[in-house]
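Each remark here refers to the structure printed beneath this line.
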Protein chains: 2
Amino acid sequence: MLHLLVLDRYGHFMARSMNARRPATLASLAAELGVSRTTVSNAYNRPDQLSPELRRRVLETARRLGYPGPDPVARSLRTRKAGAVGLLLTENLSYAFRDPAAVSFLEGLAMACELAGQGLLLVPANPEREDVAAVHRAGVDGFVVYSVPDDDPHLASVLERPVPTVVCDQPELELFDSVGIDDRAAMTSVAEHLIQLGHRRIGVICMRLSRDRNDDLVSQVRQREAHFHVQRSRLAGLAQAFGAAGVDWEGVSVVERFDHDIANGASAAAQLLDRDPQITAVICTSDILALGAMEEATRRGLRVPQDLTVTGFDCVAEAERLGLTTVRQPVREKGLAAGRLLTDPSDHGRPRRVTLPTELIIGRTSAAPRTTEERWFGP
Amino acid sequence: MLHLLVLDRYGHFMARSMNARRPATLASLAAELGVSRTTVSNAYNRPDQLSPELRRRVLETARRLGYPGPDPVARSLRTRKAGAVGLLLTENLSYAFRDPAAVSFLEGLAMACELAGQGLLLVPANPEREDVAAVHRAGVDGFVVYSVPDDDPHLASVLERPVPTVVCDQPELELFDSVGIDDRAAMTSVAEHLIQLGHRRIGVICMRLSRDRNDDLVSQVRQREAHFHVQRSRLAGLAQAFGAAGVDWEGVSVVERFDHDIANGASAAAQLLDRDPQITAVICTSDILALGAMEEATRRGLRVPQDLTVTGFDCVAEAERLGLTTVRQPVREKGLAAGRLLTDPSDHGRPRRVTLPTELIIGRTSAAPRTTEERWFGP
DNA sequence: CTGAAAGCGCTAACAC
DNA sequence: GTGTTAGCGCTTTCAG
């Protein structure tokens with residue numbers, strides 16, 4: 001049989017037989033060699049099943065014909081294994097690389113995948129467009145869902161797929177393996193710290209509570225019905241602690257921001273301080289927002305913590321460097337745990353739950369509020 | 001036909017016919033409905049090809065039977081599209097999330113993928129184990145290769161695959177689309193800046209030059225034969241500029257570090273300063289290494305830039321914050337460009353090359369060297 | 001608008 | 001060691 005050696009536009013040598021001008025397949029290779037497809041398959045997948053000599057011949061002919069080895073998709077179809085884990089995020093794919101906490105999570109997840117020899121497929125599930133197709137297209141053996149709202153249509157599609165799924169942080173799904181922390185308790189510890197310092201007049205900044213944008217104050221109803229369980233729990237933790245300390249929670253301003261970046265933290269703090277210049281502390285449900293709040297404080301000439309206490313959540317690197325009072329949560333370990341749960345072959349009956357520990361980090365951004373007198377006459 | 005509704009351990013409803021206890025497929029759904037497979041397929045992929053009423057029936061029966069929609073792998077096999085882009089990195093998967101430059105690159109690449117509706121598959125190609133299988137398993141429509149040495153076996157496997165490939169930074173491959181910067185010219189600009197300031201006695205710290213570990217001085221031969229083209233070019237740029245300024249390049253200590261982190265930058269600087277305490281500048285081929293060098297300088301009581309000039313490369317966030325003298329390169333844009341090249345459907349004849357601009361950033365870590373007198377008697 | 005026919009490229013029993 | 005058989009689950013012309 002005659003062959004052409006074609007150099008395609010990508011620089012690949014593509015050998016094609018004259019009769020059928022198509023790339024080589026396992027079958028055509030077998031035909032060329034005069035052996036069965038099994039044998040060729042074995043040459044790639046089970047080297048011990050044929051003589052070294054024959055194997056060499058197969059591989060060499062493959063090279064000559066430009067056969068690139070078994071097609072991964074066809075193999076996946078046959079073996080029912082894709083060799084990859086899918087990741088579903090709330091946000092734009094690229095956001096995951098802008099948010100330090102998400103990056104750490106990914107780092108942990110990537111470690112677990114690598115250990116298991118699995119690829120990690122980032123599924124392009126843009127929350128703006130309800131384009132669920134990408135989830136259906138994903139050739140994966142399982143999904144990790146990271147921090148999405150309970151009513152996300154992409155989530156629904158993931159749950160329909162007949163593959164194991166692990167949820168991290170959100171939402172809370174009884175029937176699935178999950179990884180998370182005790183958000184409520186962690187936030188309560190922040191609140192108690194501030195209460196002990198003497199703060200009673202506070203403001204709160206939180207991340208988005210639902211898929212609809214609300215860059216404004218949050219009503220009690222919205223707080224309770226938030227589709228993001230993590231934010232809901234953190235607010236609940238604050239409400240509980242401050243309520244117990246005699247603070248009327250309904251009177252506490254809670255400002256929400258849809259986009260999670262420093263600029264939004266700053267604008268939220270501005271909104272809070274404009275509304276009530278008397279607040280002595282701004283509690284944020286993330287470090288990024290807290291960083292923004294500190295920026296705004298500086299802009300207004302308020303010293304932190306003398307004039308204003310600011311707290312965050314997560315303990316990302318920059319927050320740590322700045323000595324932010326915050327809650328450390330093991331984000332990378334979350335990713336690792338999620339990946340482990342997913343790739344762990346051990347059969348399990350009921351859904352597993354991993355709850356990781358957190359730690360209150362008391363930094364240099366929280367202090368006792370100054371008395372009114374001090375505010376007017378200096379420390 | 002009778003059906004069982006089974007709730008499997010992941011909480012998925014799995015409907016199975018009594019005769020064949022297997023998950024529903026498009027074929028079984030068609031049989032159940034008494035229509036052809038085409039019709040069911042159309043219900044999912046070409047809604048305009050059937051009556052809304054029939055479509056509704058199909059979809060509803062699907063739900064009842066627990067049919068999760070067309071299997072993505074089978075579809076991929078048939079359509080010859082995986083809907084994903086593969087990414088090959090030199091390092092452990094998780095490293096990509098630890099290195100700020102790599103994170104930015106990923107951010108850009110993710111943006112491009114999202115725009116094209118493609119997934120992004122991180123291929124677990126651990127450089128330690130020469131396990132090329134993961135590359136062969138990857139169900140992708142194309143690859144992006146990011147900064148790998150020219151003799152990497154994973155790279156070889158990628159190039160064998162009959163899919164388009166774009167190379168970013170390294171290696172230089174004539175036949176493939178590529179994205180990069182002019183590393184040599186960029187580094188020359190750093191050198192000229194230092195030469196102008198009056199530095200003649202310098203030390204250099206670079207990243208790994210080959211796949212074999214060498215945490216030590218680099219010979220001239222090793223410099224010229226480095227398998228990492230980027231490092232090679234940067235060193236060549238320095239050699240050229242300093243050579244032109246009358247500095248004997250062979251006498252300049254160049255220290256290499258295999259692992260790319262701050263601690264290694266520090267230890268390399270220590271090695272350099274131990275070897276020749278008279279050097280007035282430490283030039284690093286990355287910001288991370290430079291950050292380490294600054295740490296070491298501080299440890300020794302050397303003030304930067306009064307006692308020692310330190311320069312980096314990349315302009316990552318932390319370097320910018322510290323006012324490091326460095327080269328800004330548009331890392332995110334590299335990722336974006338690589339993704340665009342790959343997903344751009346426009347047919348092209350010859351390989352395309354995108355060279356992005358760089359900019360010398362003169363910060364607060366470079367200054368004229370002090371004279372010997374000043375060194376002894378103060379400024 | 002619907003169906004029949006024809007694979008996509010491969011692997012895994014199981015027999016020889 | 002090697003070959004035969006039988007699909008994996010789907011899409012896509014092309015007739016009707």
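Chain naming here is simple, since letters A, B, ... match the order of the sequence lines and numbering starts at 1 in each.
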>> Rounded to whole Å, how long is the line connecting atom CZ of B:Arg46 with atom C1' of D:dT11?
In response: 8 Å
> Just to confirm, is there a sub-4.0 Å distance from OP1 or OP2 of D:dT11 to any side-chain nitrogen or oxygen of B:Ser41?
Replying inline: yes
> Of the candidate nucleotides D:dC10, C:dG9, D:dT2, which contains the atom at the shortest distance from the side chain of A:Thr39?
Replying inline: D:dT2
> Looking only at heavy atoms, which two atoms of A:Arg75 and B:Arg137 are closest? And how far apart?
Replying inline: CD-NH1, 4.1 Å
>> Counting only heavy atoms and a strict 4.0 angstrom limit, can you tell me which residues of residues 75-86 of chain A come near DNA chain D?
In response: A:Leu77, A:Arg78, A:Arg80
> What is the distance from CG of B:Asp48 to C1' of C:dC1, rounded to the nearest Å?
Replying inline: 11 Å
>> Just to be sure I understand the rule, does B:Asn45 reach a base, reach only the sugar-phosphate, or reach nothing, if contact means heavy atoms closer than 4.0 Å?
In response: sugar-phosphate
>> Within the 4.5 Å heavy-atom criterion, are B:Arg352 and B:Asp344 side-chain neighbours or not?
In response: yes
> Are A:Arg353 and A:Asp177 close enough for a salt bridge, meaning some N to O gap below 4.0 Å?
Replying inline: no
> Near DNA chain C, under 4.0 Å by heavy atom, which residues of residues 51-60 of chain A?
Replying inline: none
> Salt bridge between A:Arg63 and B:Glu160, side-chain N to carboxylate O under 4.0 Å?
Replying inline: no
> Are any of A:Thr25's side-chain N or O atoms less than 4.0 Å away from OP1 or OP2 of C:dG9?
Replying inline: no
> What's the CZ-P distance between B:Arg37 and D:dG9, to the nearest Å?
Replying inline: 12 Å
>> Tell me whether B:Arg56 is salt-bridged to B:Glu60, with the criterion being a basic N under 4.0 Å from an acidic carboxylate O.
In response: yes
>> Using whole Å, what does the distance between atom C1' of nucleotide D:dG3 and atom CD of A:Gln49 come to?
In response: 13 Å
> Rounded to whole angstroms, how far apart are OH on A:Tyr44 and C1' on D:dT2?
Replying inline: 18 Å
> Quick one: does A:Tyr44's side chain get under 4.5 Å of A:Tyr67's, heavy atoms only?
Replying inline: yes
> Should A:Leu122 and A:Phe97 be marked as a side chain to side chain contact (heavy atoms under 4.5 Å, CB included) after you check the CA-CA gap, both sets of side-chain angles, and the distance that decides it?
Replying inline: CA-CA 12 Å; A:Leu122 308 183; A:Phe97 299 99; 3.7 Å; yes
> A:Asp71 CG to C:dC8 P: how many Å, rounded?
Replying inline: 12 Å
> Looking only at N and O atoms, is any donor in the side chain of A:Thr38 or the base of D:dT4 less than 3.5 Å from an acceptor on the other one?
Replying inline: yes
> Side chain of A:Pro70: nearest nucleotide among C:dT11, D:dC10, C:dG3?
Replying inline: C:dT11
>> Heavy atoms only, 4.0 Å cut-off, all strands: where does B:Val35 land among base, sugar-phosphate and nothing?
In response: sugar-phosphate
> Do A:Val158 and A:Arg161 touch side chain to side chain, with heavy atoms closer than 4.5 Å?
Replying inline: no
>> Is the shortest side-chain heavy-atom distance between A:Glu174 and A:Pro351 below 4.5 Å?
In response: no
